[in-house]
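Report on the following structure.
Just so it is clear, the values below take in all heavy atoms, side chains as well, and ignore hydrogens, waters and symmetry mates. Keep in mind that this is a model prediction, so the values were computed, not measured.
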Amino acid sequence: MNSLGVIKKIGAWLFAKQEVTRPRFPRRAWNLEILENRIVPSGGDTSPQLGAMSGIPDGVRFLSSLVAVAQESTLATAEVSVTQAAGQLDAWIDFNGDGVIESSSERIADSLPAPIGRNLVTFTLPAGASSGSVRAVFQLSAADGGIADAEEYLVNLLDGNAPSGQQTTFQLLADTKHTVVVTPTSLEVRVGAAVLFSAPQAAISQLALLGTPQDESAEIDVPQAGSRTSPLDISFDGVAGHDTVQVVASEANDSATISPEEAHLTCDSYQVDVFRAADLLIDGAGGQNSAVFQGSADRDEFASTIDSASFRSVDLNGAETRFQQIQGFRAVTAITTDSNDSAILYDTPGDDVAVVSGADASLTNPGDAYSFTARGFATVSMRSTLGGYDQAFLHDAPRDEDLVFTPQYAILRDLTRRAGTHGQYAEVRSFDAASFVRDHASPDNDIAWVYGGAGVDLLTITGSQVQMRSHLEQLLPRPDGDAFVSGFSHFPQYQVAMQGVHSAVILGGSGALNLRTLKAPTISLFMQGFQNWNTIPTPRISRPADIFKALHDLVLLVDPTIAQATSPLDLAIRLRDHVYQDRRHGLLVSAWTTLNPYQRYVDAILYHHNPLICGGAMILYQDLLTAFGLKGRYVLLWAFDNINTHATNEVYIQGRWIVMDPTFNVSVRSKVDNHFMSWAEIQAGMSYVLDRNGKSAHQPLIAEDYPLSFQQLTKVIKYYYV
């Protein structure tokens with residue numbers, strides 16, 4: 001193809017002229033895109049060359065399709081790779097297809113500066129250009145004006161007058177922000193203010209944006225796709241890299257289907273398809289828009305607010321994150337099936353209804369027609385923050401469940417988590433009313449915990465139907481120092497309704513004149529803080545002995561298996577396991593330590609207000625040891641660096657102190673004779689093994705993975721006797 005005979009025959013004119021005026025080439029039938037690669041040296045090894053670069057194998061590539069329209073001109077862009085030295089670029093395309101290159105009317109580059117590297121050449125295809133295969137010539141001149149290199153290509157001009165329009169492509173530039181704009185009459189691709197591709201909208205049926213292995217970004221704006229007989233199809237394929245896409249939809253009713261690997265946005269007049277984008281944002285712009293998020297095999301996180309929703313997919317190893325977000329969509333559904341997935345739904349300003357049933361949940365606002373749905377999520381949380389009268393319905397599932405109702409939130413948990421499986425978990429916060437609805441006839445052992453508010457709690461029990469409402473109250477002092485109710489507001493502060501539970505623990509939170517109405521109960525009940533209307537209020541617990549007695553009774557209600565302990569050692573292990581299993585691991589809140597032991601237990605184990613690290617677990621475990629008559633003490637450990645610390649416990653069993661660590665749920669045994677060891681023995685250097693003699697209802701914390709080993713944490717041991 002590059003033989004000297006071809007150069008002499010076709011390129012002799014190029015040698016003889018310093019300036020191309022009217023080059024002519026013989027007519028022939030072309031089947032290859034590149035016809036000839038003519039290299040015409042004039043300056044030795046330092047002359048500019050049309051050289052191959054990554055993505056440009058022969059020096060020139062067309063970023064966009066070339067569209068020929070009878071009545072209008074169009075724009076297209078070529079990328080020219082220059083190597084060795086800078087030069088000047090001239091180029092022509094045979095627009096009329098007559099086989100003759102016209103020096104002026106078909107020139108697309110006129111002595112353009114061409115530095116080393118990639119050069120963009122945007123040119124106009126004149127109205128009336130012929131469709132079909134035509135020739136293009138690109139020529140580089142050296143600094144002295146001599147022609148240094150030239151290449152000839154066969155290019156295809158698409159027929160923009162075809163009734164159905166043409167399928168076009170645009171090669172995206174790496175690390176560059178692109179903008180695609182659709183108007184009622186045209187379609188454009190821009191980089192900044194520069195238009196790199198433009199054609200009448202009627203001439204295009206499809207525009208495919210092609211990515212690279214590097215990072216690209218694109219904004220696709222289709223607010224006015226116009227009236228079309230067939231939808232305009234725009235697609236983005238990021239190929240690889242961390243690509244970012246933003247799509248602005250139309251004012252019409254749009255629908256979106258989104259997954260971590262692809263997304264589809266459709267309307268009557270257009271369709272946008274996005275493939276392999278790491279970050280995606282779709283703006284619904286206007287209309288009654290709806291969207292569906294589809295989960296992945298990775299860990300998915302879904303969140304929705306009144307006008308936006310996001311879906312985050314994280315690789316199971318935490319290595320990769322794909323993020324999709326939408327705005328302006330009024331109906332949003334997220335579907336996933338992985339046990340690690342979580343969802344959080346926020347309310348609207350109006351009256352909202354939240355429904356949780358098994359692994360599915362929905363939050364709707366009937367008045368404003370908003371709806372958010374999460375299906376298949378292991379953890380679902382709903383928040384009421386914007387006002388209105390919000391209600392939550394927690395539906396029964398065919399398994400044993402645990403319910404917690406407080407004035408601030410309601411929690412529904414699957415009790416099978418105690419048997420070692422990852423149970424479903426649902427939470428609603430700040431709702432005005434919460435109801436547990438029994439949907440199944442099977443005799444599940446559902447347990448409910450209901451806590452009163454700051455007002456007067458009104459409790460009514462009829463059979464297995466339980467209702468409690470809290471009225472805001474005004475407390476006035478009495479001469480004897482007690483308080484009495486002078487009145488309460490007409491509307492309840494909150495209300496709880498449930499039916500069909502196996503047992504209920506109900507506590508009146510205010511200690512005021514709480515009212516109960518009891519009729520033929522069929523469920524097991526425990527009530528505290530409720531009085532008949534005319535009796536004296538229950539005195540608040542004040543003596544330490546009363547506090548620990550109340551704590552003892554409450555712990556046995558929460559976990560009756562503790563009463564099955566057969567020895568002091570077995571009891572210490574069961575209490576340690578209870579702290580480990582039922583608290584939330586996290587951060588210690590300093591104000592938590594100012595509560596009494598009963599309040600701390602309710603806050604940490606039942607309310608789950610404050611997630612605890614080792615210091616909180618140590619205090620909570622010591623409270624339980626005291627409540628059950630066991631002798632324990634705090635142990636604080638310092639590492640050799642005098643910075644890293646750990647808080648833990650020892651329990652006095654059979655005349656000696658032994659390690660009981662509620663943070664990791666372990667004891668320590670001697671490698672020599674298998675006896676239970678103290679922290680002092682560990683400090684003395686005695687070899688040991690960790691004994692995980694508690695249950696493992698969830699993924700355990702691993703002591704060996706602590707920043708420092710137990711041996712490193714025993715340079716200094718301080719005991720705080722309790």
**Study point:** side-chain contact (heavy atoms from CB on, under 4.5 Å) evaluation trace for Thr385 with Arg429
**Key:** CA-CA 9 Å; Thr385 60; Arg429 284 188 176 270; over 6 Å; no

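- Of the possible donor and acceptor atoms, one in the side chain of Asp149 sits under 3.5 Å from a partner among the backbone N and O of Leu50.
- The two residues Ala136 and Ile93 have their closest heavy-atom pair at CB-CG1, 3.8 Å.
- Between Gln325 and Arg312 there is no side-chain heavy-atom pair separated by less than 4.5 Å.
- The closest side-chain heavy-atom distance from Glu262 to Asp273 is not below 4.5 Å.
- At a threshold of 4.5 Å between non-hydrogen side-chain atoms, the residues Leu63 and Phe197 do not count as touching.
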Show every donor-acceptor pair shorter than 3.5 Å between a side-chain atom in residues 122-132 and any protein atom, with sequence neighbours excluded, or say none if there are none.
| from | atom 1 | to | atom 2 | distance (Å) |
| --- | --- | --- | --- | --- |
| Thr122 | OG1 | Thr77 | OG1 | 2.9 |
| Ser130 | OG | Asn96 | O | 3.2 |

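- Smallest separation of non-hydrogen atoms from Thr74 and Ser198: CB-O, 3.2 Å.
- For the pair Gly160 and Ala203, the tightest heavy-atom approach, listed with the atom from each and the gap, is O-CB, 3.3 Å.
- Expressed to the nearest 0.5 Å, how far CD1 of Ile204 lies from OG of Ser164 amounts to 11.0 Å.
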Check your understanding: Is there a side-chain contact (heavy atoms from CB on, under 4.5 Å) between Asp298 and Val314 once you walk through the steps?
Key -> CA-CA 6 Å; Asp298 302 328; Val314 183; 5.7 Å; no

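- Heavy-atom minimum distance, Ala174 versus Gln214: CB-CB, 3.5 Å.
- Between the side chain of Glu72 and the main chain of Ala199, no donor-acceptor pair closer than 3.5 Å is present.
- A distance of 11.0 Å separates CG in Asp347 from CE in Met382, rounded to the nearest 0.5 Å.
- Side-chain contact check for Asp90 versus Ser111: some heavy-atom pair is nearer than 4.5 Å.
- How far CD of Gln324 is from CD of Glu261: 9.0 Å, rounded to the nearest 0.5 Å.
- Judged by distance alone, with hydrogens and angles left aside, the side-chain atoms of Thr168 form a donor-acceptor pair with the main-chain N or O of Gln206 at under 3.5 Å.
- Rounding to the nearest 0.5 Å places OG1 of Thr305 at 9.0 Å from OH of Tyr346.
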Check your understanding: What do the steps show when you test Tyr270 against Asp254 for side-chain hydrogen bond (donor to acceptor under 3.5 Å, both in side chains), and what is the final call?
Key -> CA-CA 10 Å; Tyr270 71 87; Asp254 306 301; 2.8 Å; yes

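- Side-chain atoms of Ser290 do not come within 3.5 Å of backbone N or O of Ser255 as any donor-acceptor pair.
- By the 4.5 Å heavy-atom criterion applied to side chains, Ile282 and Asn289 are not counted as neighbours.
- In plain terms, the two heavy atoms of Arg107 and Trp92 that are nearest each other are CA-CD1, 3.5 Å.
- Rounded to the nearest 0.5 Å, atoms CG (Asn156) and CG (Leu66) are 8.5 Å apart.
- Ser308 places no side-chain N or O within 3.5 Å of a backbone atom of Ile326 that could act as its donor or acceptor partner.
- Looking only at side-chain heavy atoms (C-beta outward), Glu427 and Thr379 stay at 4.5 Å or farther from each other.
- Taking the six-membered ring where the residue is Trp, Phe377 and Phe302 present tilted rings, their angle falling between 30° and 60°.
- At distances below 3.5 Å, at least one donor-acceptor pair connects side-chain atoms of Gln166 with backbone N or O atoms of Asp159.
- Using a 4.5 Å cut-off on side-chain heavy atoms (C-beta onward), Leu140 and Leu89 make contact.
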Check your understanding: Stepwise, does the side-chain contact (heavy atoms from CB on, under 4.5 Å) test hold for Phe62 with Val155?
Key -> CA-CA 9 Å; Phe62 290 89; Val155 296; 3.3 Å; yes

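- Side chain of Asp352 to backbone of Asp390: no donor-acceptor contact under 3.5 angstrom is found.
- Within the 3.5 Å criterion, the main-chain N or O of Gly99 finds a donor-acceptor partner in the side chain of Asp94.
- Checked by atom type and distance alone, the side chain of His178 pairs as donor or acceptor with a backbone atom of Ser217 at under 3.5 Å.
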**Study point:** Val69 and Asn161: CA distance, side-chain angles, deciding distance, side-chain contact (heavy atoms from CB on, under 4.5 Å) verdict
**Key:** CA-CA 6 Å; Val69 180; Asn161 298 108; 3.9 Å; yes

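- Not a single salt bridge (charged side-chain N to carboxylate O under 4.0 Å, His left out) links Glu106 to another residue, sequence neighbours left out.
- At a threshold of 4.5 Å between non-hydrogen side-chain atoms, the residues Arg375 and Phe293 do not count as touching.
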Below 3.5 Å, can you tabulate the donor-acceptor pairs from side chains in residues 234-245 to any protein atom, sequence neighbours excluded?
| from | atom 1 | to | atom 2 | distance (Å) |
| --- | --- | --- | --- | --- |
| Asp237 | OD1 | Val239 | N | 3.1 |
| Asp237 | OD1 | Arg276 | NE | 2.9 |
| Asp237 | OD1 | Arg276 | NH2 | 2.9 |
| Asp237 | OD2 | Arg276 | NH2 | 2.7 |
| His242 | NE2 | Asp279 | OD2 | 2.9 |
| Asp243 | OD1 | Glu216 | N | 2.8 |

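- Checking side-chain atoms of Asp221 against main-chain N and O of Val181 turns up no donor-acceptor pair under 3.5 Å.
- Rounding to the nearest 0.5 Å gives a distance of 11.0 Å between OG1 of Thr336 and CD of Glu301.
- Closest approach of Ala142 and Ala148 over heavy atoms only: N-CB, 4.3 Å.
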